[in-house]
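What follows is a set of notes on a single structure, which appears directly below.
If you're wondering where the values come from, they're calculated on a predicted model, not measured in any experiment.
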Amino acid sequence: MGLNNELIVPRAAGRSILLADAGTIALPRTGAAERTALQSGFVTTTLGKVIQWGRYSSLWPALFGLACCAIEMMATGAARYDMSRFGCEVFRASPRQSDLMIVAGRVSQKMAPVLRHIYDQMPEPKWVISMGACASSGGMFNNYAIVQGVDKVVPVDVYIPGCPPRPEGLLDAVMKLQKKIAGELPGSLLG
Amino acid sequence: MTALPPPGTPTAGLDPLSEQYEAGREMLGIEPGLDAIDLVEIGDSTMELNMGPMHPSTHGVLRLVLNLDGEVVRECRPDIGYLHTGFEKDFERHTYQQCIPYTDRMDYLSPLFNNLGFSLAVEKLLGIEVPLRGQYLRVIMCELCRLASHLLWYGTSALDLGATTAFVYAWRDREKLLDINELVSGVRMHTSFIRVGGLLADVPDPFYEMVGAVIKTFPKLIDEHELLITKNPIWRQRTLGLGRLSPEDAMAYGATGPVLRGSGVPFDLRKAQPYSSYDHFDFDVPIGRTGDVYDRYLVRMQEMRESLKIITQAFENLPDGPVNTTDRRVALPPRNELNTSMESLIHHFKLVTEGMRVPAGQVYQAIESPRGELGFYLVSDGSNRPYRCKVRAPSFSNLSALPHMVRGELIADVVAVIGSIDIVLGDVDR
Amino acid sequence: MSGARAADLLERELPAAVRRRDSGFDEVTVWVDRADLVAVCTLLRDHPDAAYTTPVFVTAVDWPDREPAEPRFDVVYMLRSLQHNDVCRLIVQLTEDDPHVPTLEGVFAGMDWHERECYDLIGITFTGHHDLKRILLPTDWDGHPLRKDYASFGEPVAFTHNLEWALPAQERPRDMPGGSR
């Protein structure tokens, strides 16, 4: 089991904090602890960590594109950038099956209620990436039609700058989100 | 059709038209007038189905309200505006050069065409012409953009019908075109490369090598795409004869581009009203015969080859010289003048801070974007901002023909028809 | 000169309908009365010398400052003739208190959406349209954004020079320049 024990240090109160610096990624690595575990056939960990490991290793984004950024989102899923290297390529057409919403593009006043509805349809736990300047702040469209930042409608975990962000930007956001999830405790265990 | 009475009831085994049957029903307390046949027959009912705005195959945030009779579409009512961005209002608040980045984001699959249409409209008002090298580079970049746009269309509409491989292949090739965008402007998609009065700058040296590689490799790559799809029996079964649009209807709906040409009307603005020296190049306008989804597909695939022909000719005959106009109403004074001339310095400052002033009047400039006639109706009042800029979006008119195209088709085929129109919601809603 | 074909034909066949004819930037514009609009467009569509069968768009331009010398709205129609490779422009002028024109749905099927968009964004009423409702904006939207008197601001953006205007006093950061004022 590829739990990354170097990155997450449990504290006395049962909460975990993230110790990793910005350059490292909370992805499975094979270290000395894992090798020992493999040889002995045993591994010791906490249930919370196993659950979060499962969650961040396999994020399922909702297939939900709004504008230009959706094209770069498609590029991220396609051949050259290949999002599946990060366990994040299973775009689901139904919000009921997805746990990550990538708001890719400008959100209009007409779209905002729909977007909230889709977010509400997604099962917990769920995360939101606000992709691009328009989704994050309204971008260059400070006018009557565009919602000035999707965080007015849904809570956002990671913001990506850029208009549109490069695929590398989205990949970085996914990795940042994975790191964030690794640092959380599963809601059900918090009681 | 009648429902058989369950065994053990007073009407079991009786002919529904006989008197004993009626008597048996009376014993059960069923009113005599109530007809057993009516009870079981499925009436003339239809179903309203909501498709979108979040639907994988609506290419954005299009919502369709479908009235279904079983699987057959009786009526389709598109509901658009989920990506309404207010571009036309934003144009009125910005100077002419500041409008260029806005045009990029309108039809985000063909940003260069939007740049070009807007720039040509302003240049028409100003009465200036871009040097030949600038025009040729505009043509090369636009046709590369058309390739990229058609490739994306090919990938996504094939994906809608289940061909995942085609999607990945299309993106493999599209990335090469995006690399050229990145080279000349620094960004992959919204280049703002074409400006009023010319271009952002002349192209850097690696441009020649990269475009040369595109010219060399793309014919083979397009063959590869065609090999995947064109004779594929699944693709043909799902698209042949589907979503037909007659030439008269296409004209009446104002459809343009591959939708109109797929219906057999050989109308291409690059030929009909040449702009930016398109009349220097030799290319054909492919048309379809029946106006179905398959014909639109063939037209686009052939258009990609024609685009390559144009790129090759423009590339080989690319003239030397400046790319930007020297008209001082638009162009910044050269750097060495700023050191010696106070007037140039003031002019430079005014152009940068206030922007150019454009003579009053109204013009309509249409160009052939990958989706059809992209027009800019520009009204100027003589100030430094457009007084009104109406964008004639090709997807908007093409989409308005959708209810006509899908009436009587199966619901599963609606997806194929939407794909064949090649809408971009940013273009539809603006 | 684009549009000259339509203007010549109208001056020949329906001289009473042409109120004004103007050209500039190589384009001809014809001003017509709204009472004649349907007749003019039907003629342009059906006459073999014109054959303007394709609608390009309809929109309106708002000139609030020129009243009462001239009416406030210019409703602009563009039609295209594929046969003769020409595009023509018609303008109908409407006053502020009576902004309606007859619909051209019956003449060009494609005008349906364009008229709805024009109604939605500028508030021109197209009488006789079968389904004249908002197309781009939500149905409960207030006002018509492309009118010049419609303020289009999503949200004020706070810069140091406009803090007083952009942010309410309690949200103004104290340590920023201008924040203490």
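- Note on ring orientation: taking the six-membered ring where Trp is involved, the planes of A:Tyr144 and B:His84 are tilted (angle from 30° to 60°).
- The side-chain contact (heavy atoms from CB on, under 4.5 Å) test with B:Leu374 singles out one residue from B:Asn114, B:Thr103, B:Leu116, and that residue is B:Asn114.
- Counting heavy-atom pairs under 4.5 Å between each of B:Val168, B:Leu178, B:Thr85 and chain A puts B:Thr85 at the top.
- Interface residue A:Ile118: only side-chain heavy atoms are found under 4.5 Å from chain B.
- Heavy-atom distances place both the backbone and the side chain of A:Ala93 under 4.5 Å from chain B.
- Contact of A:Cys134 with chain B is not made at all, since no heavy-atom distance falls under 4.5 Å.
- No part of A:Phe91 comes within reach of chain B, as not one of its non-hydrogen atoms sits under 4.5 angstrom from that chain.
- With a 4.5 angstrom heavy-atom cutoff, B:Arg188 touches chain A only via side-chain atoms.
- The contact between B:Pro101 and chain A is made by backbone and side chain atoms together, counting heavy-atom distances below 4.5 Å.
- Note that A:Lys126 lies in the cation-pi zone of A:Tyr119, set by a 6.0 Å cut-off to the ring centre and a 45° limit from the axis.
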message = Working note: B:Arg430 + B:Glu88, criterion salt bridge (Lys or Arg N to Asp or Glu O under 4.0 Å); need CA distance, chi angles, decisive distance, verdict.
response = CA-CA 8 Å; B:Arg430 278 155 292 137; B:Glu88 290 173 13; 3.1 Å; yes
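- Of the two parts of A:Arg80, only the side chain, counted from C-beta on, holds a non-hydrogen atom closer than 4.5 Å to a non-hydrogen atom of chain B.
- Chosen from B:His190, B:Glu182, B:Arg105, the residue pairing most often with chain A at heavy-atom distances under 4.5 Å is B:Arg105.
- Ranked by heavy-atom pairs shorter than 4.5 Å toward chain B, the options A:Gly65, A:Ala75, A:Pro164 are led by A:Ala75.
- Environment of OH in B:Tyr169: sparse, with no more than 12 heavy atoms of neighbouring residues, nucleotides or ligands closer than 6.0 Å.
- For the set A:Ile71, A:Leu63, A:Leu66, A:Leu115, the count of heavy-atom pairs under 4.5 angstrom toward chain B peaks at A:Ile71.
- B:Arg146 and B:Ser369 are not linked by any side-chain donor-acceptor pair at a separation below 3.5 angstrom, with hydrogens and angles left out of the test.
- Ranked by heavy-atom pairs under 4.5 Å with chain A, the list B:Glu175, B:Arg174, B:Lys89, B:Arg93 is led by B:Glu175.
- Under the 6.0 Å cut-off for aromatic ring centres, B:Phe118 and B:Tyr102 do not qualify, their centroids lying 6.0 Å or more apart.
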ask   = Where do A:Lys179 and A:Glu184 land on the salt bridge (Lys or Arg N to Asp or Glu O under 4.0 Å) test, with the steps shown first?
value = CA-CA 9 Å; A:Lys179 215 190 287 182; A:Glu184 290 172 354; over 6 Å; no
request  = Show your reasoning for whether side-chain hydrogen bond (donor to acceptor under 3.5 Å, both in side chains) applies to B:Glu143 and B:Ser307.
outcome  = CA-CA 6 Å; B:Glu143 293 304 321; B:Ser307 285; 2.8 Å; yes
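- Contact of B:Ile80 with chain A is made through the backbone alone, with heavy-atom distances under 4.5 Å.
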